[in-house]
Amino acid sequence: MTSDFLVIKVLAEEQNMRKAAERLFLSQPALSLRLQSIEKEWNSKLFLRSQKGLTPTPEGEIVIEFAIKMIQEREETYEMIQSLSSKVHGTLKIACASIVGQNWLPKVLKDFVQTYPEAKISLLTGWSSEIVKSLYDGEAHIGIVRGQTDWKGPKVHLFRDTLYLVDKEMTSVDDVLTTDKPFIQFKSDSNYYQEIQQWWQKHFSTNPRRQIIVDQIETCKQMALNGIGYAILPSITLNGHEEVNKIPLTNQEEQFELTRDTWLIGYDSAFELPQVEAFVSIVNEHAKKFQ
């Protein structure tokens, strides 16, 4: 039976009876009766209903906070119990940089779920700064981040991928000085955008003639693949079958290869969990193949 704490948590997240009922696999009338029972137990009105949905009352906010805390403590207790078992149980909570989550992690997770079918996976993706925050907030056991990181806890280097100039027509890096095509760049909160700008300033005396800035690296890639402009993309996003020229950022006079590192980070206590140990082992095997 679904716990009262979970009912309260889902209602608070959805703020809509119909959506909450769907998530809880209950009918709306059944959920309404359940809420009435919970409110009777707390002797307080927890949510106000309106045409816009559900709004927590001041009493409701206190109960919601308590419910979330109880659910988290139950999960932590469950994981502690499962850690005593020789089998890998429990939930593996991963926070991963989006680019890695889209292009590299799926193969790792496939091996993990096949090897440890009794383990569960919770996956968050986002920018690297968001990954670090999720670790601080206890939302994830381990994080996978890109670029430089000031993480003070355990930090494992996974792999380094090269950045390429990608275009359908260009054959050398110097072609960017004569083309009329725009330079398509991906801008996020990471230092990826700044690193490319610094590379450009170091090796060219003029700015790109035209630029297009996008907020998704997949958008940047697709625009380059369709000949709209040229882009600098990490090798992790390229499978080798794209109909474009991939030019490593090097020349004969000077080696100025631009690379991007991927790291596995977390707290010591998390690395001791069996499901995390098992995942790290599989991650390291895949990282060796990538290099």
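In terms of modelled atom types and a separation under 3.5 Å, the side chain of S37 and the main chain of L33 share no donor-acceptor contact. The backbone N or O of M170 lies less than 3.5 Å from a partner atom in the side chain of N245, making a donor-acceptor pair. Between the side chain of T125 and the backbone N or O of A97, no donor-acceptor pair lies under 3.5 Å. Side chain of W151 to main chain of Y267: no donor-acceptor pair is present (N/O by atom type, distance under 3.5 Å, no hydrogens or angles).
A salt bridge links E285 with K288; the closest basic N to acidic carboxylate O contact falls under 4.0 Å. Between K120 and E75 there is no salt bridge, since no side-chain N of the basic residue sits under 4.0 Å from a carboxylate O of the acidic one.
Sorted by first and then second residue, the side chain to side chain donor-acceptor pair (under 3.5 Å) pairs involving residues 220-233 (not counting sequence neighbours) are E218-Q222.
Looking at residues two or more places apart in sequence or on another chain, you find no side-chain hydrogen bond (donor to acceptor under 3.5 Å, both in side chains) involving E277. Every side-chain contact (heavy atoms from CB on, under 4.5 Å) that T57 has, sequence neighbours left out, goes to K45, L48, E59.
Among the candidates L233, I212, T237, the single residue satisfying the side chain to side chain contact (heavy atoms under 4.5 Å, CB included) test with C220 is L233. When each of V166, I184, I196, V176 is paired with I232, the side chain to side chain contact (heavy atoms under 4.5 Å, CB included) condition holds for I196 and for no other. Of the listed residues (I68, D4, I64), just one forms a side chain to side chain contact (heavy atoms under 4.5 Å, CB included) with K9, and that residue is I68.
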Margin query: Evaluate D161 against R146 for salt bridge (Lys or Arg N to Asp or Glu O under 4.0 Å), listing each step before the verdict.
Written below: CA-CA 10 Å; D161 52 320; R146 299 272 287 174; 3.0 Å; yes
Notebook entry, point to check: Should E22 and R18 be marked as a salt bridge (Lys or Arg N to Asp or Glu O under 4.0 Å) after you check the CA-CA gap, both sets of side-chain angles, and the distance that decides it?
Noted result: CA-CA 6 Å; E22 290 177 353; R18 179 183 59 80; 3.2 Å; yes
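Ring geometry for F112 versus F279: interplanar angle over 60°, hence perpendicular rather than tilted (30 to 60°).
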